[in-house]
Amino acid sequence: MYYEDDFYKEFKKEIEFHEWLYDVGSRAEWVRESSKKLKILETSEGEALCTPIEDADMEQIMDDTRKNAGLYLQYQNKVVPIGMTAIGTLKARARINGNALSDVTKQVLADILNECLKVSKGDALLRIFEGKVRAVLSGDQKDYAIIEMPDLFMVASAYVNDYRENEFLYGYVDHYIATLAWKIADDKLTKAYKDLLEQHGRKQTGDLSAYIRVTTSDVGASGANIFYSLWEGGHTVVLGEAMKIRHEHSNGIEDFTSNMEHVFDYYKEVLNDMGRLYDIHISYPANAMARVMNKQGFSKKLIGEAVENFKTVFGEKPCTAYEVYCGICESIFLAKRDGGNIKAMIQLEEKAARCISIRWHDYDIPGDFTY
């Protein structure tokens, strides 16, 4: 079993990713229960009452729980350890939040959660996965529609395999998210990008290929997201934020299938948003770049490297927001070069994507910026 809260796994073969999902999925459960009937137990009480799991080393599971959440969930005459991914969703079901909750003892946190759960409304949807409760979501279908991961990724693989050329890049899973990525020959998308460059008097600097990533979660950490970017001469150009299906008010796999069918139409519109970057004049590009990256949560080290790399290539003369944005995207290459893992690259791609729609002139100001 993959019970450790810090578990993650990378896949070099697509079939191995699918086989893994079906294997763990056969042991997983979705359970609906009235929120008022849930009870939180702290470590010692929970260990004493914990429900054994067939073919599992319960001592190892409980030891991992002690190191992390330190809490157990009692429901339907069972007591199951709580994984770290469930803490945020559990607080949401109890309708409480705040940084102070991270500083109280496990016993006090359990008492607070129990008091709030007593007056909560509706059902909870529990995700039981690899020996622990991984999420405590809303049990109302309109609030959280289940989209089974094995089905979703089989749909994604089927659509990607319809492309004239496709190459599997990687698969990744942890207890928060699962993702697959491919390099594809998407002639319509690359032509649309070339046309955009020509409209603004630019030329591509290298061979173009498309990159598609599908990411989802069954613990409330992500919707069913389809993410596109381009590789231009080995450099990543993130095209914008993902095409998303949130679990709320969703028809599940049907909506995801529809999105896969219409993904080009979505990203053609996204390219139009990117095109406006050519029309935004930036007077202080290094400053603007540093401030934008800082706002989106890039690390100070990576901001410094990316800005210095940008100044080496473009200098500090005025340019368009497009050049600055490409410099931000280059941070993904820099992080990968320095050994960043797959999850870190995914997070950087999503941070870069958010930069397209910002108010660029709010960050284009003179003066030294410390990073």
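The basis for the numbers below is simple: all heavy atoms, side chains too, and nothing from hydrogens, waters or symmetry mates. Computed from a predicted model, the values in this text were never measured in an experiment.
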When you check the gap from the basic side-chain N to the acidic O, do [X] and [Y] get nearer than 4.0 Å?
X      : Y      : result
Lys183 : Glu165 : no
Arg164 : Asp187 : yes
Arg134 : Glu29  : no

Query raised in the report: Quick one: does Arg93's side chain have a donor or acceptor within less than 3.5 Å of a partner on Lys121's backbone?
Result: yes

Query raised in the report: Does the Thr89 side chain pair with the main chain of Leu137, one donor and one acceptor, at a distance under 3.5 Å?
Result: no

Would you call [X] and [Y] a side-chain contact if the rule is heavy atoms closer than 4.5 Å?
X      : Y      : value
Glu148 : Ile253 : no
Val238 : Tyr325 : yes
Phe298 : Leu348 : yes
Val214 : Trp182 : yes
Val31  : Tyr75  : yes
Leu180 : Phe11  : no
Leu49  : Leu41  : yes

Query raised in the report: Looking at Trp30, does the NZ or CZ of Arg127 lie under 6.0 angstrom from its six-membered ring centre and within 45 degrees of the ring axis?
Result: yes

Query raised in the report: Does Phe227 have Arg213 sitting over its ring (NZ/CZ under 6.0 Å from centre, angle to axis within 45°)?
Result: yes

Can you tell me if [X] and [Y] form a side-chain donor-acceptor pair at under 3.5 Å?
X      : Y      : result
Asn225 : Ser222 : yes
Glu349 : Ser229 : no
Thr320 : Glu323 : yes
Tyr193 : Asp195 : no

Report task. Could I get the full list of salt bridge (charged side-chain N to carboxylate O under 4.0 Å, His left out) partners for Glu269, not counting sequence neighbours? Result -> none

Report task. Carefully, step by step, assess Lys301 and Glu305 under the rule salt bridge (Lys or Arg N to Asp or Glu O under 4.0 Å). Result -> CA-CA 6 Å; Lys301 179 177 182 295; Glu305 290 180 0; 2.6 Å; yes

Measure across [X] and [Y] and return the closest heavy-atom pair with its distance rounded to 0.1 Å.
X      : Y      : answer
Ile147 : Ala224 : CD1-CB, 4.3 Å
Ala321 : Trp360 : CB-CD2, 3.9 Å
Thr65  : Leu71  : CG2-O, 3.7 Å
Cys50  : Met62  : CB-SD, 4.3 Å

Query raised in the report: Less than 6.0 Å separating the ring centroids of Tyr211 and Tyr228?
Result: no

Requested in this report: State yes or no: are the ring centers of His18 and Phe153 separated by less than 6.0 Å?
Outcome: no

Report summary line: Sorted by chain and residue number, the ring-ring contact (aromatic ring centres under 6.0 Å, His included) partners of Tyr322 (sequence neighbours excluded) come out as Tyr278

Report task. Just say parallel, tilted or perpendicular for the rings of Phe7 and Tyr2, cut-offs at 30° and 60°. Result -> tilted

Report summary line: Of Lys132, Gln60, Glu130, the one forming a side-chain hydrogen bond (donor to acceptor under 3.5 Å, both in side chains) with Tyr3 is Gln60

Query - salt bridge (Lys or Arg N to Asp or Glu O under 4.0 Å) assessment of Asp265 paired with Lys268 - result: CA-CA 5 Å; Asp265 294 331; Lys268 189 174 181 180; over 6 Å; no

